[in-house]
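Within every chain, numbering begins at 1; the chains are lettered A, B, ... in the order of the sequence lines, protein sequences first and strands thereafter.
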Amino acid sequence: MSRIKATFATLRASNCTALMPYLTIGYPERESLAALVDAAVAGGADLLELGLPFSDPLADGPTVQASTQRALANGITLRECLAQTKGLRERGVVLPLVLMGYYNPIYQMGVEAFAAAAAEAGADGVIVPDLPPEEAVALDEALAQHGLDYIYMLAPTSDESRLRLVAERARGFIYLVALVGITGARTTLADEAASFVARVRAAVGDEIPLAIGFGIGSAQAAAEAGALADGVIVGTALIKRIGDAATAAAEAEQFIAELRAGLDG
Amino acid sequence: MTSYSFPDERGRFGRYGGAFVPETLVPAIREIERAYVEAREDTAFQAELDHLFKTFVGRPTPLTYAKRLTEHLGGAKVYLKREDLAHTGAHKINNALGQALLAQRLGKRRIVAETGAGQHGVATATACALLGLDCVVYMGTEDMRRQALNVFRMRLLGTEVRGVESGSRTLKDAINEAMRDWVTNVRDTHYLLGSALGPHPFPMMVRDFQSVIGHEAKAQILEAEGKLPALLIACVGGGSNAIGLFHPFIEDESVEMVGVEAGGSGIESGQHAARFSDERTGRLGVLQGTETYVLQDADGQIALTHSISAGLDYAAIGPEHAWLRERERAEYTYATDDEALEGLKLLSQMEGIIPALESAHAIPELVKRAPALSPDEIIIVNVSGRGDKDMNTVADALGVTLH
């Protein structure tokens with residue numbers, strides 16, 4: 001059983017919601033990742049989403065954009081991201097690791113070479129926000145061959161036919177975009193999230209886990225989202241806290257522990 | 001090539017094109033495609049657009065015989081397609097009106113657009129004023145500096161111009177920001193993309209709205225000369241004026257076509273926007289919704305571009321141009337900043353037409369090609385816009401201080 005599947009199964013058996021923090025690799029400093037991952041684990045993370053920096057991240061708000069720009073200025077490349085991911089495994093990190101990146105760098109490496117390298121690095125899944133299902137066939141197949149999950153996204157604007165399309169193809173979990181928009185912290189969950197999650201659940205069945213992200217910026221919003229879905233993804237609000245390298249790990253651990261308490265409370 | 005029917009149902013021109021957008025936008029681009037295909041077949045929609053073209057834009061724009069330039073070059077007869085005489089001063093109004101009418105049909109009352117040189121922004125602001133639509137235009141702050149006059153024009157037309165500070169603060173960054181706005185407001189907003197770029201159906205739709213250029217030019221040259229031209233020349237940023245001129249001639253195999261990219265400070269310098277001409281950085285990739293040639297580094301990060309003309313200063317080329325090049329139906333070359341300036345002066349002094357810096361990139365190629373053709377052959381150059389907006393830039397480049 002894959003790490004993603006096993007993690008959600010274990011959490012579901014104990015009636016817990018998965019917490020998946022997002023970290024931009026190479027932010028705030030080139031070598032920040034290992035300490036931040038340790039902090040996330042200590043704070044209570046269940047899975048990790050690791051951002052692969054791209055020069056033109058059109059689905060991201062200003063905070064994540066700025067973090068990826070800084071990471072690129074720190075000399076981060078896709079190959080370096082994969083090397084750092086592998087480094088996490090060598091240090092004994094056992095959480096599921098989901099890579100999130102835009103398509104062009106993956107395309108340049110080659111879909112097959114990327115899938116092989118991601119598997120070799122110990123990643124479990126890949127999210128590509130500018131690659132909708134129609135364009136994702138080659139990457140999905142290449143990842144599947146290497147035992148990785150291509151993680152599909154659904155949005156409140158997705159109609160029933162798209163829900164069914166993703167239901168047929170999804171592995172690992174489905175990433176639900178909580179709001180119509182780009183990434184960025186809001187203090188409360190978008191109003192339409194509940195009806196959206198219910199609509200997806202009705203279409204895709206109970207088996208596949210649903211994780212919800214975009215705009216979840218506080219313990220309260222995480223708790224609201226956690227009541228709806230199997231997992232909660234928090235990015236921007238975490239990135240905002242860790243801009244200062246001297247305090248980044250301590251801030252990350254504290255904030256993730258707050259989110260954990262929100263989910264478990 | 002006898003029958004040309006691209007893109008296919010997946011929005012592909014061969015391997016180029018497609019629709020690489022966040023899931024949130026997929027239903028919207030499908031809706032636009034459905035509405036556009038219906039509108040294309042709807043005689044009332046076409047009649048309304050034709051009426052605006054005639055009574056508001058001033059179409060058909062003239063096809064001008066360039067007598068002195070023809071004599072000066074001593075070869076082919078040179079004709080100029082005068083998109084500089086279209087209302088707002090460039091071909092951009094053709095697409096802006098077409099899409100604004102489509103937005104009305106979709107019930108979208110708010111328009112967002114990107115602009116580089118400001119010509120598409122001004123055209124969109126104009127179409128929105130005409131039709132009573134709300135309009136927000138994103139523009140890189142570097143371009144706002146270069147094109148201050150167009151910023152003022154847009155604001156006078158009632159449009160909100162939002163400066164974009166990210167990246168190189170030019171066209172690519174403005175498109176990112178316009179797409180972020182669109183993702184956020186997709187339920188009531190239409191993204192009026194200005195070039196033959198972006199996700200399907202934009203490259204097809206923009207091409208079709210701009211094809212009025214080529215249809216008119218064909219009818220006009222047949223009337224004036226009784227035969228087709230040997231060669232078409234147009235500048236290529238995203239490529240909307242070029243595809244608009246080329247497309248109606250694609251099945252006329254005797255007509256050669258050449259697109260001119262921005263060579264900036266020269267290919268060797270790395271400071272350019274010539275996607276087809278620099279093998280170090282111009283490779284297949286995916287940028288802002290479409291698979292095409294993209295200037296980028298080895299890691300797939302998008303390169304910073306440079307051109308004296310803001311409208312050509314962009315890292316990707318429209319996917320249909322990549323396809324025409326692969327099929328060897330069109331050729332592509334480049335002109336440097338300096339060559340474009342020479343072209344601008346030449347056209348100004350020989351014909352009394354000051355072209356936009358974008359359009360001026362086509363002139364050096366004319367100078368190279370015309371002498372090799374015979375006097376009974378014809379070249380049509382697309383003068384895609386007028387140069388008024390560029391006077392500060394040109395004066396700077398020529399070392400002249402204005403006012």
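- For the atom pair CG (B:L284) and CD (A:Q108), the distance works out to 8.0 Å, reported to the nearest 0.5 Å.
- Taken to the nearest 0.5 Å, the OH atom of A:Y102 stands 15.0 Å off from the CZ atom of B:F20.
- Contacts between A:P62 and chain B at a heavy-atom distance below 4.5 Å are absent for every atom of the residue.
- Of residues 135-147 of chain B, not one residue has a non-hydrogen atom less than 4.5 Å from any non-hydrogen atom of chain A.
- With a threshold of 4.5 angstrom between heavy atoms, B:I175 does not approach chain A through any atom at all.
- For chain B, the option among A:P132, A:P156, A:A66 with the highest count of heavy-atom pairs below 4.5 Å is A:P132.
- The OG atom of A:S55 sits 8.0 Å away from the CG atom of B:N176 when rounded to the nearest 0.5 Å.
- Heavy atoms only, all atoms of each residue included: B:S166 and A:Q65 are closest at CB-OE1, 4.2 Å.
- Around CD of A:E207, the count of heavy atoms belonging to other residues, nucleotides or ligands within 6.0 Å does not exceed 12.
- Only the side chain of A:L72 comes within less than 4.5 Å of a heavy atom in chain B; its backbone stays farther off.
- When side chains are defined from C-beta on, A:L58 counts as touching B:P22, because their heavy atoms get closer than 4.5 Å.
- Neither the backbone nor the side chain of A:Q69 comes within contact range of chain B; no heavy atoms are under 4.5 Å apart.
- Using a 4.5 Å cut-off between non-hydrogen atoms, the part of residues 182-192 of chain B that approaches chain A consists of B:V183, B:T184, B:V186, B:R187.
- Distance alone, capped at 3.5 Å, is enough to place a donor-acceptor pair between the A:T157 side chain and the B:T24 backbone.
- Note that CZ of A:F54 and CG of B:D299 are 10.0 Å apart. Values are rounded to the nearest 0.5 Å.
- The salt bridge (charged side-chain N to carboxylate O under 4.0 Å, His left out) test applied to B:E326 returns no partner, not counting sequence neighbours.
- Judged by distance alone, with hydrogens and angles left aside, the side-chain atoms of B:R180 form a donor-acceptor pair with the main-chain N or O of A:D60 at under 3.5 Å.
- Using a 4.5 Å cut-off between non-hydrogen atoms, the part of residues 28-40 of chain B that approaches chain A consists of B:R30.
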Legend entry - side-chain hydrogen bond (donor to acceptor under 3.5 Å, both in side chains) evaluation trace for A:N104 with B:Q296: CA-CA 9 Å; A:N104 196 55; B:Q296 55 188 309; 2.7 Å; yes
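- If you measure heavy-atom distances from A:L52 to chain B, you find no contacts under 4.5 Å at all.
- Rounding to the nearest 0.5 angstrom, the gap separating the CD1 atom in A:I76 from the CD atom in B:Q301 is 10.5 Å.
- Checking A:Y152 against B:E23 by side-chain atom types alone, no donor-acceptor pair falls below 3.5 Å.
- Side-chain atoms of A:E135 come within 3.5 Å of backbone N or O of B:A19 as a donor-acceptor pair.
- With rounding to the nearest 0.5 angstrom, the CG atom of A:D130 is 10.5 Å from the CD atom of B:Q288.
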